[in-house]
Structures are given as structure tokens and as C-alpha cells.
Amino acid sequence: MGTRALAVSVSGSIPSVIPSRALEVDVGVALPVAFGGLRKVLRACEDAAPDVVRALARAHPSEWNRLFPGAIDGVPDLSDLALTPSERRLHRESEQMFWVLNVAAKVIVETLRACGRPLVLHGAGECDLVSLRAVMRAAEWSRLEGLDGTLLLTGWNVRRPHGAAGFASRRQAYLDSLCDRMRAPRVSGPGPVSSRAVEPAVDLEGRYLQLVVDGSQAREDRVAAAILAIRSCFFTTNYEGAMLAAEQGLALLEEDADAALASRVARAWDVLDTGFTTPAIEIDRSNLGDVEELRALFARSMGVVHVFTGAHEEAMEAFGRGLACRVPPELVARLHMFRALTLTKRFGQLPNARAEVEAGVAALERCTSPDRALQEGWLRNVCALTWFQERKLDKALVEEKLAMRCVGDLHDASATHLKINLISNASYLQETARQYADAIATWRRFESISAKWGVNFAKHHRYRLAGLELAGGERDAAVAHFTEAYANADALGDSFHRQVIAAELGRLFLDEQQHALAVEWFARAEEHARAVGDPLKTAESLAGLAVAAGRTDWSEALRCARASTTWPKETAALTDALERGDAKAVQAALPRARTKLNRPFDLVSLY
């Protein structure tokens, strides 16, 4: 494919000269609504290359419906196919957004290939970050494809009229990161604020955020809309939109003391809500409460956004502001749980995390709420995690058993969510203790819990089962279950996880010197890596293929590796081995099978 690549440049303002025949799109938006700018790009792509875009939309209808609600009838909802983030576990990874942004990136790449025109995105500094992540993904994909073209982003320093004050520095850091990932020089900022008008909403998130900033609307409507906007932004990984909604909601609560405001917010919620509930983010009517509880809810939401964007000190402060509110003990316990989890996962301050757990459990001593046991269960679960990280497995197991005792007789969605975590964690404890037979037996409890697990769950279940079997010396059973996990991913059209499994099976067979099977699986891995546009995974697959086939031409693997900007450390290790032509070092750099299929979706993330 040569060494061609998309030439990306970023301009603080609008340049005096625009490339000729350019496909020009204004991607700026007044409100940080997810996909706001991206929808404009995709519509322009459809005008420029209608057959290409419509074919990709038909090939990925669930993702397309998330971008353009109701565009294609009779297809599965994306939630049936891919996982969301988890607020309770402070887990930001979104498989759903990976697929949506990856499809959008593919559309951009294929449009540029088909029409051969430069792409100029005006108002880029006012574009929502979710959309810009798709553009970043397209730039990396184009390098893998060897696409020769031009991408220019203008107005990089211009700010939109509606932004979150508490997100301003993070947004600037994200814009710098975007430049780095697109291999474009950074542009200093920020610059002036535009007078861009709010555009008509095309989805619920847009409707809610519009209502939040509309000063002509009733205060209770705007507060209710702010909470609903936070919930929507959680699923689109729209951190800036969530922060804007939380800031506006808090400001509206501070306007004047009004004892009746909370009840009016609840009535407004009933009008605006669609009835959606999920344990992925526990925001529903039961969370509303009085004004102090609403303040605590906004503070909690800010804390979650800060955790997801790497601002961990700010997260602790936000959860602390929630604790300063006069709220019922079960809400105090939940905020302590979030602080404990942040201290554990982000700071590694395990004794401090346990102090937060103890404070939460102490608060529950005066709790009479029906969900008292659930809140204690989540706290015990975090405490177990702290002991697990210290490798004090006996103490971790005690806390896991206490947590299970808390929720054993509960069957609502949140309790079930916790039970799934507890069974998983018990299996991980046994795995860490090298009790593989016990870990397998615990993990297989999922099979008896329900016969209705979907294919996506089965994919993860079979993969972990295989990993445990491999670790426990049951090699043939492991290969069979890895192959089943691959088939589950195949049934979902999931090239991301097919690539992971195929590459690891390739490495397994390569290590066993079963070269024909290794070639077969690495070839599949390469196919799937190219299907998701991942240069590093393509390079790894090609490298494994070459080692298995006894070839010493590393040129294409090296070209692909050099196109990657997502994982610098892993890319550098592989590139070094390829440049030295060291087959053993190349083989050592290839991925091995694990016991958990979860992988970060860093291809579409900014840090």
C-alpha cells in the first residue's frame, strides 16, 4: 500500500485558502450534544458518495439508528449487541460507542476514498468531543488503509456559547490529545466565544440539553431535564454534556429557597421521562427526593464524570460535596462507596478506601430504607476489592460472603447487577489463589442462574471459561471454549472480539509449534483487525502470520505498526522487534490468551 497517509492539519481560525473541490462541513454546535457535529459530516458524506454511505448504513443498522434515530426499521437495538459503561463500578468503557464511532469513521474513510476530495471541517473547536473522536478514529484508520487525502479542521480555538465551566481545562487537554492522535501540530487556545444559535434537537439528549439552558422554561422543567440529560450523556460518553447539565442543575437549585420545588421537579420528570431504567446508571424517579438530595445527585454525577475523564482529585471533591448535603443514610453510603472505589481504582490508597467503606456502613446503621442491604452489599464489594489488591485473599473472601448475604434474597435489577459482580469476583479470587477447578465451578454458576443469557454474555462467559481451563491445564477444553467464544462474536458480527480471540489462538498454536493452525488463526485475526481499522492489531496479526509461515519480510507489519497512535507502548515494543528482524522478539510481543475478554476501547477514547 505504500506510505501514503491522510494529511491532517488544524487551524485556529478560518484559513484564507481552502483546498479546491473540498467537501466543506460546519461541524460546530451551540450545545455539546453527542453526535451533533458528526451527523452533519455523515450527511455530507452521503451527499458526496451516496452508494458508499448507504451500503455501510445497511451493513451496520443498529449503529446507524443510534446516530439517526429511527432511520432503519426492524433491527436490533444496539443495547442487545454491545455493553455500556457501569456507574456503580466506575467503569467507563462503552462497547456501544466504540461500534457507533467506528462505523462513522469507516464512512468518512470510504467517502474520501470514493470521492477523492479534501474534507474541511469548519467550526471544529465548537464541535462536540464525541464527534471529534470519530474524526480522530478516521484519521488513524486512513493511515492503515494508506489513504492519500487531506483533512483540515478550522476554527479550532473558537468556543461554543454553551459549555461546562468545570470541563474547560479538560476540554483543552482533549483537543491537544486529538491533535496528537491525528498527527497534527497542536494549536494554542482557547479563543473567542461564538454567537452560534442552538439547533433543533434530533434525539432525547439534544432535547434535554436544550431545555436545560432555555431560560424561558420553568425552573422545575430545567432541573428535571438536567438529570435526564446526565443519564443520556452517560450512555453516549458525552462527558462535557453531562457536566454542563450538572452545573446548570445545581445553579437552578441555588436560585432561591422554594420548599415546593422538589415536588414540581418530580412532576416535570414524569412528563419528560420515557420510563427507562437500568442498573448501568441508577438514575430514575426514586433518586429525586428533596432539594438536598437533588444537589447530592448532581454532585455524584459530577464525580463520576471526573473519574471517567481522569480528574480524580476533582472527583473526590465532588463526592465530598454530595456528602455535605443533608441526605438520607443510604445516599451517604452510596457516596462513600464512590469515594472508596475512586481511592481503590484510581489512587491505590487501600486503607483510605476501607475507611470510606466503614463510614458508609456506619451511616447505614441508622437507615430504615428498603435498599439498606443493597447499599451495604456494594460497600462490602468494594472492601473486598481493596483486600484483593493487597493479595489478602482470605479477607477479600470474607467481605464477598458478607456482600452476598446482603443481597441473597433481593431480586431487583441493581441487586442482580451486584450478584453478577460477586460471582465473578469470587471466581477471580479463586483464580488468583490458583484454585482453577474452584474458579471454573464458581464461574459456571452463571449457567444455572439463567437459560436466557444473550449471545453477548455467552461470548464473555465462554472466553473466561476457556482462559481458566487453559491456566488449569485443560488445554483441549480451553481451545473448544475459545472457539465457542469466537463463534459467539461471529454471530454478533463483532470483529473487535473476533480479532482478539483469533490472534490469541494464533499465539497459542504458534507456541505449540502447530504452524498450520497458527497461520489459519492469524489470517482471521488480520481480516478482523482490518475490518475495525486497527493498525496495531493488524501489525500483530501480520507479524504472527509471518512467524508461523516462516517468512522474514516484516515490511507490511512494520508499515501498519507505524500507522498506530492508540497504544504507543505496545506499538513501540512490536516496532522495535520488527525493525531488528528478531523473530523470537516478535513472537514474544504477540498477545497471549487471558481469562477476561474485556479490552479497552482506546481506539475511540482520548486518554
Side-chain angles (χ1 to χ4, degrees), residues 1-8 38 41-42 45 49 52-53 55-57 59-60 62-64 66-67 82 93-115 119 130-149 151 178 180-184 489 492-503 522-545 556-568 570-571 574-575 591 599-606:
M1 288 188 183
T3 58
R4 294 175 301 169
L6 190 68
V8 183
L38 185 57
V41 176
L42 297 178
C45 287
V52 168
V53 176
L56 284 168
H60 303 279
S62 299
E63 293 92 330
W64 203 253
R66 184 61 63 91
L67 290 162
E93 297 294 344
S94 175
E95 186 180 5
Q96 291 184 5
M97 285 305 101
F98 168 75
W99 286 114
V100 171
L101 298 181
N102 224 44
V103 168
K106 179 69 169 174
V107 168
I108 294 169
V109 171
E110 294 305 322
T111 297
L112 293 179
R113 189 200 310 280
C115 72
L119 177 61
V130 181
S131 294
L132 288 175
R133 284 156 52 196
V135 177
M136 172 189 79
R137 180 79 270 272
E140 186 180 48
W141 199 324
S142 73
R143 293 194 295 271
L144 173 64
E145 298 279 346
L147 179 66
D148 191 13
L151 171 61
L178 276 159
D180 296 344
R181 292 276 292 273
M182 293 188 294
R183 292 185 175 167
L492 294 166
D494 174 2
S495 287
F496 181 89
H497 290 107
R498 278 185 289 190
Q499 195 283 327
V500 169
I501 299 166
F522 279 127
R524 292 183 189 180
E526 183 205 352
E527 176 190 346
H528 299 312
R530 290 191 186 275
V532 295
D534 186 335
L536 176 60
K537 297 305 174 187
T538 304
E540 288 176 347
S541 304
L542 285 167
L545 199 55
E556 177 60 4
L558 198 51
R559 184 196 70 81
C560 293
R562 288 170 175 163
S564 173
T565 52
T566 298
W567 292 294
E570 294 86 344
T571 300
L574 180 63
T575 302
R599 298 292 184 277
F601 297 104
D602 287 349
L603 290 166
V604 296
S605 297
L606 281 170

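A salt bridge does not link Glu527 to Arg524: none of the charged nitrogens lies less than 4.0 Å from a carboxylate oxygen. Between Glu540 and Lys537 there is a salt bridge, with a side-chain nitrogen of the basic residue lying less than 4.0 Å from a carboxylate oxygen of the acidic one.
Glu140 and Ala563 make their closest contact through CG-O, 3.8 Å (heavy atoms, listed as atom of the first residue, atom of the second, distance). Across all their heavy atoms, Arg137 and Ala105 have their closest contact at CG-CB, 3.5 Å. The two atoms that bring Leu42 and Ala104 nearest to each other are CD2-O, 4.0 Å, heavy atoms only. Closest approach of Thr565 to Arg143, counting heavy atoms only: OG1-NH2, 2.9 Å. Residues Leu101 and Val130 share a closest heavy-atom pair of CD2-O, 3.6 Å. The heavy-atom pair separating Met136 from Leu606 by the smallest distance is SD-CD2, 3.5 Å.
With sequence neighbours excluded, the residues forming a side chain to side chain contact (heavy atoms under 4.5 Å, CB included) with Glu570 are Leu536, Trp567, listed by chain and number. Under the side chain to side chain contact (heavy atoms under 4.5 Å, CB included) criterion, Ser131 pairs with Leu38, Cys127, Asp128, sequence neighbours left out. Partners of Trp99 by ring pair (Phe, Tyr, Trp, His ring centres under 6.0 Å), not counting sequence neighbours: none found.
From Leu112, atom CG reaches atom CG of Leu147 across 6.0 Å, with rounding to the nearest 0.5 Å. Distance check: Glu110 CD to Cys115 SG gives 11.0 Å after rounding to the nearest 0.5 Å. Remark: Leu6 CG to Arg113 CZ distance equals 11.5 Å, nearest 0.5 Å.
Here the side chains of Arg66 and Glu63 are not in contact, with every heavy-atom distance at 4.5 Å or above. Residues Phe601 and Met97 have side chains not in contact (no heavy-atom distance under 4.5 Å, counting atoms from C-beta outward). For the pair Trp141/Asn102, a side-chain contact is recorded, criterion being any heavy-atom separation below 4.5 Å from C-beta on. Side-chain contact between His497 and Glu95 is present, with heavy atoms from C-beta onward closer than 4.5 Å. Annotation: side chain of Gln499 is not in contact with side chain of Asp534 (no heavy-atom distance under 4.5 Å). Taking 4.5 Å as the limit, every side-chain heavy atom of Val532 sits out of range of all side-chain heavy atoms of His528. By the 4.5 Å heavy-atom criterion applied to side chains, Arg530 and Cys560 are counted as neighbours.
Using a distance-only test at 3.5 Å, with no hydrogens or angles considered, no donor-acceptor pair links the side chain of Asp602 to the main chain of Thr566. Looking at Arg562, its side chain never comes within 3.5 Å of a backbone N or O of Ala557 through a donor-acceptor pair. Although no hydrogens or angles enter the test, the distance criterion places a donor-acceptor pair under 3.5 Å between the side chain of Arg498 and the main chain of Asp494.
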Could you go step by step and tell me if Val135 and Leu151 meet the side-chain contact (heavy atoms from CB on, under 4.5 Å) rule? CA-CA 9 Å; Val135 177; Leu151 171 61; 3.8 Å; yes
